[in-house]
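One structure is given below, encoded as structure tokens.
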Amino acid sequence: MAANDRRRKKRAALSRPALVLGGLALVLAVLIVVFFSDGTEEKVKRFIDANVPKPAEAGGGAGPAAASRTVTLFFLADADDLLHKEARDIAAGPTAADEAERALAELVKGSERGLVSPLPAQTKVRQVFIGADGLATVDLSREFAEGFAYGSTAELAAVYAVVDTLVFNFAPVKRVVILVEGAEKETLGGHVDLTRAFLPDYSLVAR
Amino acid sequence: MKSRTHRRALPAVLTLAVLAVAAAGPALRAGQAAPAPRVQTIVIDPGHGGLETGAKGALGNLEKDITLAIGLKLKALVERNLGLAVFMTRDRDVDVSNENRAAIANNHKAGLFISIHANGSVQRKAAGSETFFLSLNATDEETRRLAYLENNSSELQTRIDPSTEDDLMMILWDMAQTAYIKQSGRLAELVQTELDAMLGTRNRGIKQAPFKVLTGVACPAILVEAAFISNPDEERKLASDAFQSRVAEAIYRGLVRFIRAGE
Ligand SMILES: [Zn+2]
């Protein structure tokens, strides 16, 4: 019994430094992954979003009131077929990418003032990722490409409504790449080149 | 994944290629009297085709059919009146990739590239004619890369291996239009003026946009949107032989003025 105890103690004494080392290595590995791997931050955030229960959304009343912010969306008007600004309140935070996803979802949902959304109504916003270099990558569902038989004007309106909404509202975003269903697509309907990043083009926006 | 990394590397290589060609150009021409090259070949690009129908009209007309009809009329006009060689990116209802459309122009050493389309909007009221040329949409990143490459141009020459076959050809297409933006703008202006004079449609003017089919074309290049197929009134016009002929005639007059101005 005594010998057994001693042996167990000895094993415990041996494994403690190993544990500490192991722990340190793990922390280091996580730090490396978080700081040096593109997109991981976003994945971690998504993991947390998915697994940590959130406080009730606005309307629940309990706790600090859910903050909101106003964004500017771009819709088409019949009178001049330019993009027109429309203000919309969305839930704020926690990240600019979260807000950008909500803003684009509102853009799809459409105008509250009788204007027309330039995006097919069935489009889903799969993800927005904002890189440190100011490049926002927007991943939209396949309906974005398939919802319309696009002509040039429709394609330009759809693309620049997305690009302008992001650059206009979110300071870290300087340019935008659009993916469809997670993959690069050459064009929506044969016209506008989606393989390069877009700068905003406010010439399509009414003054 | 493999194709993605390949794609990533491509823009840098393309820039190298374009700069190499730009650097070699003046040296090659130094001994000659260096007149502006005369236009000897025109490439006409009827938009869409095959499974890719383009925009659709409420009455059932397809953009791809209208663009082909106008394109063939334009070809006949140019051949009959100017005696220039004309090549079509397609002369029947087939799929042609945007890359191949540019490649056809460059392989035939086109002096002008005319892409013909019928417009579509989500709004039925949208109407009128407009002519596009390429917008550069250059980002800071690309500007920095160009600056870097300009300072390291000897490296360029060695990186461009003439024995490389198809890849190099495709590389040369990709950013070629950047060298012709100004002339393309002038061509757009002249064609748009004639469209406005001949069609009686709303004049939407000339515009710049990042259209894929124009990026790789190594000559003055425009994309004409004759009228809106999504507008029932204009769809009826676009489907009529008379209107198609007027569109072809207007484009023809615009490019004649462009060619004459360059002589
Ligand atoms: Zn088209």
Side-chain angles (χ1 to χ4, degrees), chain A residues 75-84 110-111 114-121 131 133-135 145 147-161 163 167 174-179 182-201 203-204, chain B residues 3-4 7 10-11 47-49 52-57 62-64 67 95-99 101 115 117-128 130 132 134-142 174-175 202 204 207-216 223-225 227-231:
Chain A
F75 294 112
L76 291 165
D78 252 348
D80 56 8
D81 70 356
L82 290 169
L83 294 166
H84 290 252
S111 166
L115 302 178
V116 181
S117 174
L119 275 63
D133 56 354
L135 179 68
F148 293 145
Y150 281 107
S152 290
T153 293
E155 232 173 280
L156 286 166
V159 165
Y160 282 106
V163 173
V167 179
K174 304 294 179 220
R175 55 209 176 93
V176 178
V177 158
I178 299 175
L179 304 178
E184 189 179 86
K185 191 160 174 39
E186 188 182 273
T187 66
L188 292 175
H191 305 103
V192 179
D193 184 357
L194 296 185
T195 65
R196 287 167 199 263
F198 291 98
L199 296 171
D201 181 354
S203 71
L204 302 169
Chain B
S3 77
R4 258 205 104 65
R7 274 271 172 77
L10 209 52
H48 313 281
E52 220 244 285
T53 60
K56 288 174 190 153
L62 300 177
E63 184 184 352
K64 64 171 185 175
T67 62
D95 281 276
V96 185
S97 72
N98 283 317
E99 253 172 12
R101 290 170 198 261
S115 189
H117 289 250
N119 215 337
S121 167
V122 294
Q123 294 155 295
R124 290 195 150 204
K125 279 192 193 166
E130 58 195 339
F132 286 93
L134 186 70
S135 66
L136 282 181
N137 209 11
T139 62
D140 294 348
E141 188 196 328
E142 279 159 359
D174 191 72
M175 279 169 67
R202 201 187 126 207
R204 296 169 64 94
K207 291 177 184 170
Q208 285 182 272
F211 285 141
K212 182 71 185 174
V213 73
L214 299 178
T215 58
L223 188 149
V224 175
E225 292 286 355
F228 279 77
I229 197 172
S230 52
N231 176 316

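Proteins get letters first, then strands, A, B, ... in listed order; numbering begins at 1 in each.
Residues meeting the side-chain hydrogen bond (donor to acceptor under 3.5 Å, both in side chains) test with B:T53, sequence neighbours left out: none. With sequence neighbours excluded, the residues forming a side chain to side chain contact (heavy atoms under 4.5 Å, CB included) with A:A77 are A:D80, A:H84, A:L115, listed by chain and number.
Side chain of B:E63 to backbone of B:A118: a donor-acceptor contact under 3.5 angstrom is found.
Here B:K125 contributes atom NZ and B:N231 contributes atom CG; the two are 10.5 Å apart, rounded to the nearest 0.5 Å. If you take OG1 on A:T153 and NE2 on B:H117, they are separated by 12.0 Å, rounding to the nearest 0.5 Å. The CZ atom of A:R196 sits 15.0 Å away from the CD1 atom of A:I178 when rounded to the nearest 0.5 Å.
Per-residue heavy-atom pair counts under 4.5 Å with chain A were compared for B:K56, B:Q123, B:R204, and the maximum is reached by B:Q123. Chosen from B:A55, B:G54, B:S115, B:A209, the residue pairing most often with chain A at heavy-atom distances under 4.5 Å is B:A55. Contact count versus chain A (heavy atoms, under 4.5 Å) is highest, among B:S97, B:S121, B:G47, for B:S121. In terms of non-hydrogen atom pairs under 4.5 Å with chain B, the most contact-rich of A:A154, A:S117, A:P118, A:A79 is A:A154.
Side chains of A:H191 and B:H48 form a contact here, defined as non-hydrogen atoms less than 4.5 Å apart.
Both the backbone and the side chain of A:V192 come within contact range of chain B, judged by heavy atoms closer than 4.5 Å. Neither the backbone nor the side chain of B:S230 comes within less than 4.5 Å of any heavy atom in chain A. Contacts between A:T187 and chain B at a heavy-atom distance below 4.5 Å involve the side chain alone, from C-beta outward. Both the backbone and the side chain of A:L76 come within less than 4.5 Å of a heavy atom of chain B. Only the side chain of A:F148 has a heavy atom closer than 4.5 Å to any heavy atom of chain B.
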